[in-house]
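Reviewing the structure listed below.
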Number of protein chains: 4
Amino acid sequence: MKPEASSVDKGPGAGRPRDPRIDAAILRAAAELVVEVGYSNLSLAAVAERAGTTKTALYRRWPSKAELVHEAAFAVPPSAVTAPPGDVAGDLRAMMAGARDSFTNPVVRAALPGLIADMAGNAELTARIMERFAGLFEVMRYWVADSIGRGDARADVDPDRLVELIGGATLLGMMLRPGEDLDGDWVERTADIITHGVMV
Amino acid sequence: MKPEASSVDKGPGAGRPRDPRIDAAILRAAAELVVEVGYSNLSLAAVAERAGTTKTALYRRWPSKAELVHEAAFAVPPSAVTAPPGDVAGDLRAMMAGARDSFTNPVVRAALPGLIADMAGNAELTARIMERFAGLFEVMRYWVADSIGRGDARADVDPDRLVELIGGATLLGMMLRPGEDLDGDWVERTADIITHGVMV
Amino acid sequence: MKPEASSVDKGPGAGRPRDPRIDAAILRAAAELVVEVGYSNLSLAAVAERAGTTKTALYRRWPSKAELVHEAAFAVPPSAVTAPPGDVAGDLRAMMAGARDSFTNPVVRAALPGLIADMAGNAELTARIMERFAGLFEVMRYWVADSIGRGDARADVDPDRLVELIGGATLLGMMLRPGEDLDGDWVERTADIITHGVMV
Amino acid sequence: MKPEASSVDKGPGAGRPRDPRIDAAILRAAAELVVEVGYSNLSLAAVAERAGTTKTALYRRWPSKAELVHEAAFAVPPSAVTAPPGDVAGDLRAMMAGARDSFTNPVVRAALPGLIADMAGNAELTARIMERFAGLFEVMRYWVADSIGRGDARADVDPDRLVELIGGATLLGMMLRPGEDLDGDWVERTADIITHGVMV
DNA sequence: GCATAACCGAGACGGTACGTCCTGTCTTTTA
DNA sequence: TAAAAGACAGGACGTACCGTCTCGGTTATGC
């Protein structure tokens with residue numbers, strides 16, 4: 001049995017079904033532990049123990065620490081912008097705040113640096129993790145097209161670059177401030193530059 | 001003997017002096033190996049072996065893998081902008097290209113994700129690595145103040161946010177493209193947004 | 001359901017009857033595999049797979065690896081001496097050759113050392129395996145009594161010791177020669193000593 | 001560093017020397033544990049723990065459980081016959097008792113079945129273990145030649161078969177009696193048969 | 001000139017985590 | 001009920017790395 005990246009169904013099939021409580025217990029244990037000890041000090045044996053199960057059950061579900069932690073950290077993918085009204089400055093500030101909130105989540109914050117390290121040189125893992133954020137790019141493309149259509153944004157604004165700017169600044173800002181969070185002022189000042197960069 | 005973060009001189013002192021060729025050989029070996037196998041698969045024993053020396057000599061010089069690789073990767077700190085004339089668009093494009101060039105260096109690219117992981121939760125290491133980039137923030141502050149003074153930049157542009165936007169977008173852009181580099185068009189499109197965000 | 005040591009019938013009973021072809025397939029697979037990979041490397045999952053069935057069916061029939069292999073190896077219990085005429089030297093040589101033939105069987109040879117190991121500290125298993133050889137002691141007692149009666153054997157020959165000498169020498173001789181077999185000369189020379197030890 | 005079968009010296013060499021107390025502690029722990037839990041339940045991690053060291057140190061010294069236990073059990077090789085006077089019956093009885101004493105040693109008794117299993121199919125290990133008993137065959141050859149020379153033994157007695165008979169009967173006798181020992185009567189009765197088999 | 005201090009190589013040390021394997025049991029669907 | 005499939009707990013395996021240490025032996029300086 002090759003482990004599925006996530007514990008998805010694989011047809012009804014025969015055999016004893018996996019106990020879904022074990023899935024949940026492992027994810028919960030991984031989330032707790034990664035916050036407590038950090039990604040690199042996170043041992044899969046410790047996760048299994050806290051989840052009240054064994055390494056065997058864990059490896060049956062996830063092929064690596066990265067896949068497990070990735071799923072534990074991003075159980076709910078970050079949403080870009082929920083309310084899409086026509087206010088460029090407000091929307092960008094909301095996106096910025098959303099990115100800040102996603103990355104500031106304790107589990108994400110503890111897991112992200114390690115995940116980044118494991119992703120490097122593992123294109124497959126990178127792709128799987130990144131597809132979770134694919135929606136963000138899609139939403140941004142619609143938003144930019146809409147803003148241009150309304151005459152609020154310059155015609156040559158590249159939406160993919162915009163995602164990279166917002167996400168990258170948040171990522172780097174978080175890394176530069178171990179211990180502390182990104183406050184409202186930070187969001188304001190960063191969104192301000194981007195807003196002027198987008199507006200017509 | 002506590003090892004010095006880098007192999008700086010510590011007075012004449014007595015005793016046999018360190019062989020500087022070993023310093024160089026270790027740094028070279030570390031740079032080569034981190035590119036070949038990646039940060040997490042980099043073993044200090046392997047570095048010592050390729051350098052033709054031993055772990056003992058290595059640990060005498062650097063206290064940890066992170067410190068060693070950090071020094072191997074950033075032997076020359078990245079310069080922000082060399083020619084500082086009064087062209088906002090040109091300057092920002094040059095800074096963007098400079099960041100791109102720094103992060104695209106094979107050794108940096110191979111080492112950075114792992115360094116980020118080791119930095120998390122190690123504020124001391126973070127500080128030491130970050131001080132290498134302190135000059136960037138300083139230069140940016142001067143550049144912004146100058147541009148504002150010339151009436152080319154808006155008065156409320158925050159230079160620190162600007163550094164985070166440029167560096168973060170470059171970092172994230174690199175991470176999203178394992179294998180490929182950031183081309184001129186990428187630099188152009190990203191710098192374009194920032195430029196409009198800065199200009200008055 | 002406790003499994004029976006061997007797959008004996010347990011009355012007609014209710015429910016679906018066991019498929020006897022599975023019994024045979026498992027025993028054949030166990031015999032083949034123990035020769036190929038040795039006792040300690042023999043996994044019950046592999047036996048089940050080669051037999052075209054599953055561990056469930058296997059464990060329903062035999063409670064442990066030792067019981068299964070024991071039955072696979074000693075499907076036919078070794079006979080002591082088939083023709084019982086009154087020739088001490090000839091009979092002992094025949095017994096010696098019989099022991100040699102039993103232990104030289106490839107399956108027995110591959111299985112025996114592991115079985116010995118599993119028997120140690122498991123008196124119940126030891127008893128079950130040993131009762132398969134109980135007939136040998138019985139036959140030997142008759143044979144010795146008969147030989148003494150005919151005046152061919154000394155009166156104080158202990159038949160149980162005789163069995164241990166013959167079996168033990170064969171066992172040890174086999175162990176000392178991994179790869180090769182015990183030839184006719186070996187049988188001759190060993191039987192010679194015992195014969196003189198028995199004869200009046 | 002390939003582990004040496006036994007922790008023999010390998011020249012003066014460089015590097016930190018092995019701590020001989022660790023060798024001793026491991027052997028002692030292995031001897032104790034094999035008696036307590038049996039060979040198959042003996043885990044190398046448990047041996048290391050009881051010895052107050054780690055698996056690493058253990059694997060540095062012995063390549064396998066068999067090699068370690070073999071050395072722990074046969075720290076002193078069994079001597080064949082110490083007093084070699086010219087009494088065939090007495091000498092053989094002494095040899096028999098010596099074999100009995102060797103195999104009855106608690107450590108040997110606990111270790112032997114498992115060792116036998118591991119030896120099977122590992123000719124190299126078999127050879128290494130057997131060479132420890134090579135002296136026995138040598139001594140027996142001298143003893144037989146001497147006895148023949150004195151006219152006490154028949155000329156065609158094969159000394160190697162004699163070793164196999166004595167050792168084999170003891171081995172098998174021990175295996176057939178889990179829990180109990182081989183008593184003086186057993187030695188007497190078995191030696192009696194062999195003595196008559198040898199004497200002229 | 002010779003002691004001292006720090007270097008160098010080699011490699012063992014305690015410790016920890018890894019990912020795999022196997023055993024014997026249990027739980028499910030299907031026959 | 002049995003059969004097939006496969007998950008489950010538990011635990012050993014042998015390997016790899018880390019960062020420290022203990023050696024014997026080698027340079028430099030500095031008294």
Side-chain angles (χ1 to χ4, degrees), chain A residues 1 3 10 12-20 22 40-49 52-61 63-65, chain B residues 1 3 10 12-19 22 40-46 48-49 52-65, chain C residues 1 3 13-19 22 40-46 48-49 52-65, chain D residues 1 3 10 12-20 22 40-49 52-61 63-65:
Chain A
M1 246 309 295
K10 48 203 164 307
R16 176 177 179 173
R18 288 196 188 148
D19 186 340
I22 292 180
S40 66
N41 292 329
L42 180 69
S43 110
L44 295 190
V47 172
E49 190 184 11
T53 182
T54 55
K55 279 200 297 175
T56 313
L58 198 158
Y59 277 108
R60 204 174 285 124
R61 291 168 166 80
S64 72
K65 184 155 91 169
Chain B
M1 245 308 294
K10 49 202 164 309
R16 174 178 176 174
R18 287 194 190 150
D19 184 340
I22 292 180
S40 68
N41 293 329
L42 180 71
S43 110
L44 295 190
E49 190 185 9
T53 181
T54 57
K55 281 201 298 174
T56 314
L58 196 159
Y59 275 107
R60 228 189 305 276
R61 291 166 167 82
W62 293 276
S64 71
K65 183 156 93 169
Chain C
M1 245 305 296
R16 175 174 173 176
R18 286 193 190 150
D19 184 341
I22 292 179
S40 66
N41 293 330
L42 180 70
S43 109
L44 295 190
E49 189 184 9
T53 181
T54 57
K55 280 201 302 173
T56 315
L58 197 158
Y59 275 106
R60 227 189 307 278
R61 292 168 166 81
W62 293 276
S64 72
K65 182 156 95 168
Chain D
M1 245 310 293
K10 45 202 165 311
R16 177 177 178 172
R18 287 198 187 147
D19 185 339
I22 292 180
S40 66
N41 293 330
L42 180 70
S43 108
L44 296 190
V47 172
E49 189 184 10
T53 182
T54 56
K55 278 201 298 176
T56 313
L58 198 158
Y59 277 108
R60 232 191 301 278
R61 292 168 166 79
S64 72
K65 184 156 93 170

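Reminder, nothing fancy here: chain letters follow the sequence lines and each chain counts from 1. Source: prediction; values computed, not measured.
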Review point. Axis-to-axis angle across the helix from E:dG1-F:dC31 to E:dA31-F:dT1, five pairs an end, to 10 degrees?
Key: 10°
Check your understanding: D:P17 or C:L44: which one's nearest nucleotide on DNA chain E is closer to the 5' end?
Key -> D:P17
Practice item. Find which nucleotide of DNA chain E each of D:R16 and C:N41 is nearest to by heavy atoms, and output the residue with the more 5' nucleotide. Key: D:R16
Review point. At what distance, to the nearest 0.5 angstrom, does OG of A:S43 lie from NZ of A:K55?
Key: 8.0 Å
Review point. Rounded to the nearest 0.5 Å, what separation is found between the OG1 atom of D:T53 and the CZ atom of D:R61?
Key: 6.5 Å
Check your understanding: Would you call A:R60 and A:R18 a side-chain contact if the rule is heavy atoms closer than 4.5 Å?
Key -> yes
Practice item. Could you tell me whether the phosphate oxygens of E:dG14, OP1 or OP2, come under 4.0 Å of any side-chain nitrogen or oxygen in D:T53? Key: yes
Check your understanding: Given F:dC8, is OP1 or OP2 found less than 4.0 Å from the side-chain N or O atoms of A:R61?
Key -> yes
What nucleotide, of [options], holds the atom closest to the side chain of [X]?
| X | options | result |
| --- | --- | --- |
| B:S43 | F:dC18, E:dA10, F:dA5 | F:dC18 |
| C:T56 | F:dA4, F:dC8, E:dA10 | F:dA4 |
| B:R60 | F:dT20, E:dC7, E:dC18 | E:dC7 |
| C:K55 | E:dC13, E:dG24, E:dA17 | E:dG24 |
| A:I22 | F:dA9, F:dC18, E:dC13 | F:dA9 |

Measure the distance from [atom1] on [X] to [atom2] on [N] and round it to the nearest whole Å.
| X | N | atom1 | atom2 | value |
| --- | --- | --- | --- | --- |
| D:D19 | F:dT22 | CG | C1' | 11 Å |
| B:R18 | F:dT26 | CZ | C1' | 16 Å |
| B:L58 | E:dG11 | CG | P | 17 Å |

